[in-house]
Amino acid sequence: LDFENNYFIFSEISENSEFTLYSLIVEPTANVINGSQVSATYSYSSSEGYNGEGIITFTVGTRDVGDPMGPDEYGYYIFDSEDTEYPIAPVYEWIEIGPSTGLGTDLDFTDAGNGCGSTGGWYGCNTYPDDYAVVPLGFDFDFYGSTSDEITVSSNGYVSFVRNEMSSFRNYSIPGAGGPSPMVAAFWDDLKTTGNSKVLKYVPNGEDYIVIEWLDMLTYQHSDIETFQIILYNSITPTGDDEIKIQYKEFNNTTNGDYSQYTPYHGCYSTVGIENHFGSIGLEYAFDNNYPVAADSIQDQSALFITTRNTTVLTAGDVNQDGLINVQDIIMVV
C-alpha cells in the first residue's frame, strides 16, 4: 500500500470527540488481493507532549468469485482457474499417468465403500480396509511449516503428511477433528473401486514433483465416476512451504446422504481444502456442496492452486519477495 499523504495537523480536538481524515489517500498496488484485511500502524502526539500509537485494520476492495481464497492464519491461499486476473492462477493441464501411458504405478487399492476393503457393509466387513498406502516423495515437502518425505494416500480422495491407517470414508468440514491431519482433500468422500478404478502414483526421475491420480473411482452412494489428481511441487516460496495443484478431469459431486436414521448414511457431498497438523487452521474450498464467496464451483477441467505466495510476480532471484536481490535470497534457497 502507498499512503500518498500520512501526516495531519489538527488545531484542537475536544475530549472524547470523533474526527474524520477526509484527505487520507491510500493507493493499493495491483498485487493486493481484493477483500484482503490490511493492518497499518499509526502514531499521534500533542504540543503538550502526549504521545501514543495504535493499529488500524481495514478491508481493501470487495472479494468475489474472481478472487482467491485466503490467506488462512498461516498464510495459505487457494487460487482457482477462474481467478484469471491474477498471474499465478492455475491452468488446467491434465497429466495422464493411467495404464495407457505406462507412467503411473498402481497402488492396488480395493475399496468396496462404507469402510470396507472387501464386499459387505460396515457391520459385515471382516477385513481391514485396504484403501491407503504410504508413498515416498523423493524430496522433502514442507506443509504448514513441517517437513515430510512421504505421504499417506487414501482411496477416499485425500492425502495426509503423516503415516496413518485411517479409512475416513465419512468426510467432514475442515479444518476440524475429522480425518487425519495434516491433510490435502481433493475429493474427500466415500469412494469405491471397480475393475476400472485405480489410484496411481507417478514420481518422475530428476523432477521435483509427484502426481497422485484417482482414476474412475465411484461414489459409494450413487456410483458416479470421479477422476482427479493432486500434484505436489518441490517449490520455493517466501514461507519455505511447497505448493500443490489439484485437477479435476471428471467431477460429479452427488453424495447427498441420509441423516434420518440412527447411523447417518454418509453425505455432505465432498470436502475440498487443506488443514494443518492440529486440525485448527486451514482453508475449506467446498463442503456439503457449499462454496465461499471467492470459490468458483468445481466442474470438469477445473484446477486449484494452493500456495503461500500472494499475487506478486517474482523477479528472478528475489526469493523472499522483498524487492531486493541479495544474500538473504541465497540463504533462503540454501
Side-chain angles (χ1 to χ4, degrees), residues 94-120 125-141 143 148-171 179-220 223-234 242 244-252 255 270-272 274 304 306:
W94 185 258
I95 303 174
E96 185 54 67
I97 63 171
S100 62
T101 66
L103 294 176
T105 301
D106 190 354
L107 298 180
D108 295 323
F109 283 161
T110 301
D111 189 344
N114 204 28
C116 284
S118 60
T119 58
C125 184
N126 296 319
T127 61
Y128 198 84
D130 183 17
D131 55 5
Y132 65 90
V134 176
V135 175
L137 295 176
F139 55 86
D140 288 339
F141 190 91
F143 186 63
S148 302
D149 59 5
E150 63 183 21
I151 55 174
T152 300
V153 179
S154 170
S155 62
N156 292 316
Y158 64 82
V159 302
S160 177
F161 294 94
V162 292
R163 288 198 177 199
N164 65 85
E165 298 178 349
M166 298 178 68
S167 174
S168 294
F169 59 96
R170 290 192 180 101
N171 61 298
S181 300
M183 153 192 289
V184 177
F187 191 97
W188 182 15
D189 196 4
D190 189 4
L191 300 178
K192 60 185 179 182
T193 58
T194 66
N196 296 324
S197 306
K198 294 184 183 300
V199 180
L200 308 109
K201 67 174 182 178
Y202 174 52
V203 186
N205 292 328
E207 300 290 343
D208 286 340
Y209 69 92
I210 179 174
V211 182
I212 304 296
E213 179 179 331
W214 289 257
L215 174 64
D216 291 337
M217 301 293 290
L218 302 183
T219 54
Y220 178 71
S223 296
D224 288 315
I225 295 178
E226 317 292 343
T227 297
F228 54 93
Q229 62 186 200
I230 293 177
I231 308 168
L232 303 177
Y233 297 100
N234 188 11
D242 295 299
I244 304 159
K245 188 177 184 181
I246 305 175
Q247 301 195 114
Y248 300 89
K249 186 175 184 179
E250 190 164 0
F251 180 84
N252 296 290
T255 306
S270 64
T271 301
V272 179
I274 58 173
L304 305 179
I306 301 167

So that I know where these two stand, are Phe251 and Phe187 an aromatic pair - ring centroids less than 6.0 Å apart? yes
State the CD1-OH distance between Ile244 and Tyr233, to the nearest 0.5 angstrom. 11.0 Å
When you compare the side chain of Ile225 with that of Leu218, does any pair of heavy atoms fall below 4.5 Å? yes
Under the salt bridge (charged side-chain N to carboxylate O under 4.0 Å, His left out) test, which residues partner Lys249, sequence neighbours left out? Glu96
For Glu250, all residues meeting salt bridge (charged side-chain N to carboxylate O under 4.0 Å, His left out), sequence neighbours excluded: none
Set of residues satisfying salt bridge (charged side-chain N to carboxylate O under 4.0 Å, His left out) with respect to Lys245, sequence neighbours excluded: none
Backbone N/O of Ala186 and side chain of Tyr248: donor-acceptor pair under 3.5 Å: yes
Nearest 0.5 angstrom please: Trp94 CH2 to Ile231 CD1, how far? 8.0 Å
Please tell me whether Ser197 and Lys192 have a donor and an acceptor in their side chains that are separated by less than 3.5 angstrom. no
Which is it for Lys201 and Val153 under the side chain to side chain contact (heavy atoms under 4.5 Å, CB included) test, yes or no, and what are the steps along the way? CA-CA 9 Å; Lys201 67 174 182 178; Val153 179; over 6 Å; no
Geometric class of the Trp214/Phe228 ring pair [parallel <30°, tilted 30-60°, perpendicular >60°]: parallel
Interatomic distance, Asp189 atom CG to Leu191 atom CG [nearest 0.5 angstrom]: 5.5 Å
Quick check, are the ring centers of Phe141 and Phe161 under 6.0 angstrom apart? yes
